[in-house]
Every structure is written in structure tokens, then in C-alpha cells.
Amino acid sequence: MTNDRFDEEAAEWDRNRFTVNSSKRALGALLVPIPELRKYRDVRDGLTVLELGCGTGLLSQILSPYVTSLTALDTSPAMIAALSAKLVAKPWPQPVAFAPQILAQNIRPICLDLRDPDDAALQDVVVNSTGDQGGRGKKRFDLVVGHLVCHHVKDLGGLLGTMYGCLKEGGRIALTDFEDFGVEARRFHPESKMEGVERHGLKREEMEKLIKEAGFVDVRVEEAWRMEKEVEGATGGDGEVEVMEFPFLICLGRKGGVINDRDGGAGEEGKSMTW
């Protein structure tokens with residue numbers, strides 16, 4: 001996926017009302033099937049989260065209060081720079097829906113095209129008493145999320161396999177994106193912004209198949225919400241705008257195994273995770 005378009009749009013990204021509102025709706029959709037997110041963050045036993053395609057952190061910043069840590073990845077250097085700037089800005093540059101007092105100390109932005117669950121950029125570095133770098137083993141996550149990312153990924157099956165490798169046993173994916181409901185779904189993007197668009201939304205049956213092929217169980221792909229979006233007019237006239245409603249899907253899957261604690265060991269109850 002090329003970064004040119006997203007590097008150019010990073011500075012204005014947060015001013016796109018549809019993008020901002022869809023991120024808020026994505027958070028609401030995540031809270032429904034993942035009960036661990038329904039309580040305010042407890043740093044002792046919350047979820048460790050990996051977010052793919054974080055952009056400028058619109059979802060990251062409103063999800064972070066509900067988790068122990070959030071590793072935010074994007075392939076665009078400009079997007080990561082914008083998120084990093086937010087994290088050092090004091091006070092927080094703008095009010096955030098659902099959680100207005102975010103400190104965002106638990107967000108770790110990384111510019112990375114993730115292809116390997118063992119990528120060194122994901123790993124925590126620990127310095128021991130002698131000053132040498134030690135390790136805690138390979139870092140794995142409780143939850144992988146991504147909003148409006150999958151339709152930009154050419155090898156979606158390969159990425160799902162990488163997500164599987166990034167998870168602890170019992171960990172889950174929860175991916176949100178608009179649905180491919182037919183030829184009209186193409187209008188989600190203006191023709192001038194088709195660069196990097198690999199599919200015009202997600203097809204339910206195809207996503208369910210790909211998630212299962214990646215090894216996940218308890219797979220569900222279902223409509224989570226609908227939103228209106230301004231799109232180019234059907235006649236293609238200069239400046240012509242119409243409003244269309246787009247369905248959004250949430251794609252869920254679990255890596256078989258028992259609940260794990262933050263250090264990668266078995267959870268106290270040793271129960272299988274369920275939705």
C-alpha cells in the first residue's frame with residue numbers, strides 16, 4: 001500500500017468529519033462484543049492492544065482509556081508523526097468523545113508495515129541491573145484492532161495470518177470497515193483517491209472465509225452500524241455531491257486457547273475466551 005496519499009493528507013486528517021465520527025462509531029462497536037473494554041482502564045489487568053492503520057490516532061486516543069497499553073502502527077510516517085505530536089502536546093489538543101481526560105501515556109506509536117509478529121519494533125526492551133538489554137520473550141497481544149484498514153490491504157489473508165501470530169492464546173481480532181454491498185460501494189472513495197484502495201469494502205462471506213483460513217475460531221462478520229457519507233455525484237459533474245448510506249461490518253475472531261495474563265502466562269481461571 002502506497003503512503004503518498006496518506007502522507008499528504010495527514011495534516012488535515014482530523015478535520016474530516018466523517019473520519020472522526022466513524023472512529024467514534026468504531027469504538028462503540030468494539031465495546032459491544034468485548035466486555036473487557038466496557039470498564040474504564042485498570043492498568044493492572046486490562047488488555048494489551050495492537051492497532052493496525054492507526055492514522056493520526058483518532059481511534060487510538062478514545063480507545064486508550066479502556067486498555068492497559070495500545071501499540072499503534074501505521075505505514076505512513078506523516079500519520080505517525082501527527083499522532084506522536086498529539087501525545088506530547090499539553091494540554092490535549094481537542095476534546096475527545098467518551099473520555100475527555102485522556103493522558104494517552106499508554107499509546108506507543110510506531111511507523112511499521114507489519115509483516116512479522118516477531119518484528120523487533122514491536123518488542124519491549126528491558127534493561128537489567130547490569131545495564132545490559134534483556135528480554136521477556138516475544139511480545140504478544142490480547143486484541144488486534146483496525147478501522148478502515150482492510151480495504152487498503154492487497155494480501156488480506158496474509159495480514160490476517162500475521163495478526164494471528166501477534167496474539168496471545170485466546171486473543172482476538174476486531175476489525176471494522178465498510179461493506180461491499182455491490183457496484184455502488186465504489187463511491188465510498190472519490191475517483192481522485194483510488195490510490196491504495198484494494199477493494200471497495202469487505203464482503204461478508206469472503207472475510208469469514210479468510211479469517212477462518214488464518215486459524216481463527218468463533219468467527220463472526222456482521223453489520224455493526226450505518227453512516228451517511230457525502231460522495232461524488234453519479235454524473236461525475238464538477239463539485240456535484242450526493243449523500244449515500246454505507247453499512248459497516250465488524251469482523252471478529254479468536255485465537256484458540258486459554259485466557260492469558262499480561263506477561264503471556266495462563267490466566268487465573270484458565271477459561272477459554274468467548275465473545
Side-chain angles (χ1 to χ4, degrees), residues 1-29 51-60 72-83 111-115 145-160 175-211 221-251:
M1 179 174 66
T2 180
N3 292 322
D4 293 348
R5 171 193 154 197
F6 296 101
D7 284 342
E8 292 172 359
E9 295 183 359
E12 300 296 320
W13 195 255
D14 290 10
R15 299 186 184 186
N16 184 316
R17 184 174 60 182
F18 179 85
T19 303
V20 172
N21 289 337
S22 73
S23 298
K24 296 175 184 177
R25 297 294 297 271
L27 174 63
E51 181 187 1
L52 304 184
C54 66
T56 62
L58 290 174
L59 177 59
S60 316
L73 306 186
D74 202 284
T75 61
S76 164
M79 290 287 188
I80 288 295
L83 172 55
C111 186
L112 178 67
D113 182 5
L114 182 63
R115 299 177 184 273
V145 301
H147 176 55
L148 288 174
V149 175
C150 291
H151 73 270
H152 290 292
V153 178
K154 185 173 184 178
D155 182 10
L156 196 48
L159 181 60
L160 287 165
L175 312 171
T176 50
D177 212 325
F178 73 103
E179 181 176 12
D180 180 354
F181 54 90
V183 293
E184 288 290 286
R186 179 185 177 90
R187 298 177 67 192
F188 187 90
H189 296 94
E191 290 299 320
S192 63
K193 294 186 177 181
M194 289 296 178
E195 178 187 6
V197 175
E198 297 294 341
R199 55 184 58 78
H200 303 297
L202 305 183
K203 296 181 179 179
R204 298 193 196 197
E205 292 184 359
E206 178 185 21
M207 279 302 294
E208 184 173 338
K209 179 174 181 289
L210 288 173
I211 295 170
V221 178
E222 56 196 29
E223 184 175 313
W225 75 90
R226 288 175 172 255
M227 286 184 69
E228 290 186 340
K229 186 180 192 295
E230 290 187 350
V231 300
E232 287 181 339
T235 62
D238 186 29
E240 182 184 358
V241 174
E242 297 179 10
V243 176
M244 282 183 60
E245 183 181 68
F246 289 87
F248 278 73
L249 301 178
I250 185 166
C251 307

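- With sequence neighbours excluded, no residue forms a salt bridge (Lys or Arg N to Asp or Glu O under 4.0 Å) with R199.
- Counting only heavy atoms from C-beta outward, the side chains of E223 and R204 approach each other to under 4.5 Å.
- Note that the NE2 atom of H147 and the OG1 atom of T19 stand 7.5 Å from one another [nearest 0.5 Å].
- For the side chain to side chain contact (heavy atoms under 4.5 Å, CB included) test with L156, the passing option among E198, E206, H151, M207 is M207; the others fail.
- At a threshold of 4.5 Å between non-hydrogen side-chain atoms, the residues L202 and V221 do not count as touching.
- Heavy atoms from other residues, nucleotides or ligands lying under 6.0 Å from CD of E191 number more than 12.
- Residues F188 and F181 keep their aromatic ring centres 6.0 Å or farther apart.
- Heavy atoms of other residues, nucleotides or ligands lying less than 6.0 angstrom from CD of E230 number 12 at most.
- Scanning both residues, E179 and A185, for their nearest heavy atoms gives O-CB, 4.0 Å.
- Scanning both residues, L83 and G57, for their nearest heavy atoms gives CD1-CA, 3.8 Å.
- Contacts of F248 classified as ring pair (Phe, Tyr, Trp, His ring centres under 6.0 Å), with partners at least two apart in sequence or in another chain: W225.
- Side chains of K24 and L27 form no contact here, defined as non-hydrogen atoms less than 4.5 Å apart.
- For the pair C251 and I211, the tightest heavy-atom approach, listed with the atom from each and the gap, is CB-CD1, 3.8 Å.
- Side-chain atoms of D177 and L249, non-hydrogen and from C-beta on, never get closer than 4.5 Å to each other.
- Between C54 and I80, the closest side-chain pair of non-hydrogen atoms falls below 4.5 Å.
- The shortest non-hydrogen separation linking G53 to D74 is C-OD2, 3.3 Å.
- Taking H200 as the reference, nothing meets the ring pair (Phe, Tyr, Trp, His ring centres under 6.0 Å) condition, with sequence neighbours excluded.
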